[in-house]
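Below is one structure, written out as structure tokens; the observations come after it.
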Amino acid sequence: MSEHHTLEGTFATPDGARFAIVIGRFNHFITDRLLEGALDALARHGVPKGSVVVAKAPGGYEVPLVVKRFAESGKVDAVVALAAVIRGSTPHFDYVAGELAKGCGAVMHETGVPVLFGVLTTDTIEQAIERAGTKAGNKGFEAAVAAVEMVNLRRAMEAAGY
């Protein structure tokens with residue numbers, strides 16, 4: 001059996017890496033906690049404050065457009081998308097959550113820039129609160145850690161000629 005070479009990212013501070021965080025303001029009492037988590041994660045991983053830019057969109061539906069501008073700019077190495085879409089009694093949730101996911105995924109595929117999906121799509125406010133820093137951790141923190149890892153993975157792939 002032949003040996004294989006495994007490429008993976010690390011959680012080390014990526015030298016000179018720049019990060020964008022795009023947050024939907026709607027449900028701000030939840031998204032503010034996601035933003036705090038993402039900023040904390042980047043700081044704990046040694047990313048200087050000056051290497052992070054935050055943009056606030058009105059809501060989740062608008063997030064992919066802002067993510068796209070950052071990804072196309074060539075000025076960031078990864079984008080973290082944060083929003084909270086909470087199911088109501090109308091189909092609005094399905095449209096917003098679906099377009100948000102498709103839009104962010106499309107940006108990543110089109111640009112090659114990692115887009116980390118720290119978006120909550122929950123049935124209840126209580127579930128959102130649990131995922132924004134209580135029982136279920138903080139999905140903003142987790143997405144930012146994944147952004148660090150993806151920047152390092154991308155660099156490892158480039159160094160290996162991929």
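Residues take their numbers from the sequence shown, with the count starting at 1. Just so it is clear, the structure is predicted and the values come from calculations on it, not from any experiment.
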Could I get the full list of side-chain contact (heavy atoms from CB on, under 4.5 Å) partners for [X], not counting sequence neighbours?
X      : value
Leu153 : Leu7, Met150, Met157
Ser51  : Val47, Pro48
Ala41  : Phe141, Ala144, Val145
Ala55  : Val66, Phe70

[X] with [Y], same ILVMFWY side-chain cluster at under 4.5 Å:
X     : Y      : value
Val67 : Val148 : no
Leu82 : Phe26  : no
Val22 : Phe117 : yes

Glu62: side-chain hydrogen bond (donor to acceptor under 3.5 Å, both in side chains) partners, not counting sequence neighbours: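 None.
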side-chain hydrogen bond (donor to acceptor under 3.5 Å, both in side chains) filter on Arg69, not counting sequence neighbours, yields none
For [X], enumerate each residue passing the salt bridge (charged side-chain N to carboxylate O under 4.0 Å, His left out) test, keeping only those at least two apart in sequence or located in another chain.
X      : value
Arg155 : none
Asp77  : Arg18
Glu72  : Lys68
Arg33  : Glu36

Is there side-chain contact between [X] and [Y], with heavy atoms separated by less than 4.5 Å?
X      : Y     : value
Thr122 : Ile30 : no
Leu42  : Val80 : no
Ile21  : Val54 : yes

[atom1]-[atom2] distance between [X] and [Y], expressed to the nearest 0.5 angstrom:
X      : Y      : atom1 : atom2 : answer
Thr124 : Ile129 : OG1   : CD1   : 8.0 Å
Ile125 : Ile86  : CD1   : CD1   : 5.0 Å
Leu34  : Glu142 : CG    : CD    : 10.0 Å

Looking at every non-hydrogen atom in both residues, tell me the closest pair between [X] and [Y] and how far apart they are.
X      : Y      : result
Ala20  : Val76  : CB-CG1, 3.9 Å
Ala17  : Val151 : CB-CG1, 4.0 Å
Ala132 : Asn138 : O-ND2, 3.4 Å
Val63  : Ile23  : CG2-C, 4.2 Å

Listing, residues 93-115 side-chain donor-acceptor contacts under 3.5 Å, not counting sequence neighbours, or none:
| residue | atom | partner | partner atom | Å |
| --- | --- | --- | --- | --- |
| Asp94 | OD1 | Arg87 | NH1 | 3.4 |
| Glu99 | OE2 | Lys102 | NZ | 3.1 |
| Thr111 | OG1 | Val107 | O | 2.8 |
| Thr111 | OG1 | Val113 | N | 3.1 |

Would you list the atom pairs, donor with acceptor, under 3.5 Å between side chains in residues 8-15 and any protein atom, with sequence neighbours excluded?
| residue | atom | partner | partner atom | Å |
| --- | --- | --- | --- | --- |
| Thr10 | OG1 | Ala12 | N | 3.3 |
| Thr10 | OG1 | Asn152 | ND2 | 3.4 |
| Thr13 | OG1 | His45 | O | 2.2 |

